[in-house]
Student: 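Quick one: the structure is below, and I'll ask about it shortly.
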Amino acid sequence: MTAPKPSALPAYIAVTAAYWAFMLSDGALRMLVLLAFHERGFSPVQLAYLFLLYELAGVITNLSAGWLAARFGLTRTLYAGLILQVGALLALTALDPAWSIGASVAYVMAVQGASGVAKDLAKMSSKSAVKLLAPEGAGLLKWVSWLTGSKNAVKGLGFLLGAGLLALYGYNTALLGMAAILALILVALLFFMPDGLPKGNKATKFSTVISRDKNINRLSAARVFLFGARDVWFVVGIPVYFYAVLSDGSDESRRAAFFMIGTFMAVWIILYGTVQAMAPRILRKGANNLAQLSASARQWALALVPIPALLAITVSTAGTPAPWLTVTLVLGLLVFGAIFAVNSALHSYLILAFSKSERVSQDVGFYYMANAAGRLLGTGLSGLAYQWGGVEACLMVASGLLALSAVAANRLNRSTA
């Protein structure tokens with residue numbers, strides 16, 4: 001693997017370490033909130049509501065985060081993300097179990113919104129840093145894939161961590177522990193963050209966040225539908241379905257269900273991250289050819305379309321839950337995750353390849369606004385589809401969204417890529 005520019009290596013390592021710590025807490029928090037409030041009797045639609053403002057905040061944050069980074073510097077936006085996440089973790093401990101479901105939903109939505117802002121500030125800062133610190137060409141593909149893949153593997157461990165902490169220590173203790181660890185990492189960064197990232201330019205105008213590059217806009221559209229297709233089954237559908245299958249309501253089965261659901265979500269994300277890190281090898285045939293990689297974005301999206309459709313048909317045909325059906329869903333979704341990972345890594349490379357260095361934070365922010373819009377779309381549809389037609393409805397909607405992603409990716413202008 002080609003090393004980043006020598007003078008930038010300490011900054012690259014610091015940014016990556018902070019990003020890992022953040023994503024570990026992000027994955028754990030998602031599982032804590034989902035499982036804890038499902039236990040409290042929240043419906044699938046209400047569970048989806050808990051994450052809607054989180055994703056909506058991501059849309060707004062990413063639209064402005066690129067401008068904030070260009071104006072104030074990537075280091076400051078990274079710090080801001082970590083500070084907000086610590087605050088969100090602490091705020092969730094103030095939730096009173098005596099509150100009504102309506103008040104609880106509103107409060108958690110607001111806190112999750114702050115967490116969404118935090119996550120996207122950290123993500124945009126880290127991804128933009130790769131463009132500025134890593135080598136160009138094939139080296140850029142390797143370092144983008146490695147950062148993104150390792151981040152998702154760490155987030156996968158976070159899912160398992162969140163489920164385990166909830167089962168062993170309870171909701172509030174888990175939140176306080178994560179807040180304390182993240183605060184220590186923030187303090188360490190404040191004292192030891194090396195130079196290497198741009199300080200920002202206060203003359204940067206907000207209007208520069210809107211991309212005028214057709215390739216970036218088309219890639220962003222493909223990203224909306226790609227991540228909508230994942231989250232439509234990932235956020236609510238599959239966890240709630242597995243909980244219904246695995247738990248009979250007793251304390252022992254509840255704890256076992258928490259661990260099994262957390263393990264599946266963790267394995268899925270870790271597999272996803274591992275394949276992302278391997279993407280340069282998988283795509284090596286065109287690793288140095290931007291036009292060829294642009295063309296392959298449609299092909300990889302099309303490869304995903306039949307998988308959720310076939311799984312939906314299998315669930316519908318089976319009629320009632322059974323061990324063989326659970327195993328089939330797990331294996332099918334792991335295959336989905338591997339192919340999805342190549343799509344995601346390819347998109348993450350293309351956005352940096354299409355971006356110009358002088359406006360990379362704006363273009364990356366705009367692109368991750370589309371990423372957040374896809375998650376928002378998928379999250380909303382996940383609760384609605386599960387309430388309407390169960391997990392099979394979630395999977396069929398995912399197949400349709402993937403087809404739209406392939407259409408958007410097909411319009412990338414390969415002649416100028």
Student: For S405, what residues pass the side-chain hydrogen bond (donor to acceptor under 3.5 Å, both in side chains) criterion, not counting sequence neighbours?
Tutor: none
Student: Tell me, please, which residues at least two apart from E392 pass side-chain hydrogen bond (donor to acceptor under 3.5 Å, both in side chains).
Tutor: none
Student: A114: which residues meet the side-chain contact (heavy atoms from CB on, under 4.5 Å) condition with it, sequence neighbours left out?
Tutor: none
Student: What about F159 and F234, are their ring centers closer than 6.0 Å?
Tutor: yes
Student: On the ring face of F227, is R230 found with NZ or CZ under 6.0 Å from the centre and within 45° of the axis?
Tutor: no
Student: Under the rule for ring-ring contact (aromatic ring centres under 6.0 Å, His included), what residues qualify as partners of Y241, not counting sequence neighbours?
Tutor: none
Student: Test I351 against every option in N215, L219, L346 by the side-chain contact (heavy atoms from CB on, under 4.5 Å) rule and name the one that passes.
Tutor: L219
Student: In Å and rounded to the nearest 0.5 Å, what is the OG1 to CE distance from T93 to M178?
Tutor: 11.0 Å
Student: Going by salt bridge (charged side-chain N to carboxylate O under 4.0 Å, His left out), name the residues that satisfy it together with D26, two or more places apart in sequence or in a different chain.
Tutor: K155
Student: Could you work out, with side-chain contact (heavy atoms from CB on, under 4.5 Å) as the rule, every residue matching F259, not counting sequence neighbours?
Tutor: A167, L168
Student: Per the side-chain hydrogen bond (donor to acceptor under 3.5 Å, both in side chains) rule, what does the pair list look like for residues 179-189, sequence neighbours excluded?
Tutor: none
Student: Could you state the interatomic distance from CG (N172) to CG (L95), rounded to the nearest 0.5 Å?
Tutor: 8.5 Å
Student: For L29, give me all partners under side-chain contact (heavy atoms from CB on, under 4.5 Å), at least two apart in sequence or on another chain.
Tutor: V33, Q85, L89, L92, Q112, S115, L175
Student: Who pairs with W388 by ring-ring contact (aromatic ring centres under 6.0 Å, His included), at least two apart in sequence or on another chain?
Tutor: none
Student: Mind checking ring-ring contact (aromatic ring centres under 6.0 Å, His included) for F336 and listing every partner two or more places apart, or none if nothing turns up?
Tutor: W233, F340
Student: Holding to side-chain contact (heavy atoms from CB on, under 4.5 Å), I want the full list of residues that pass it with L334, two or more places apart in sequence or in another chain.
Tutor: V267, W268, L271, V330
Student: Check for a donor-acceptor pair, side chain of S220 on one end and backbone N or O of A370 on the other, with a separation under 3.5 Å.
Tutor: no
Student: Could you pull out all residues at least two apart from N343 that satisfy side-chain hydrogen bond (donor to acceptor under 3.5 Å, both in side chains)?
Tutor: none
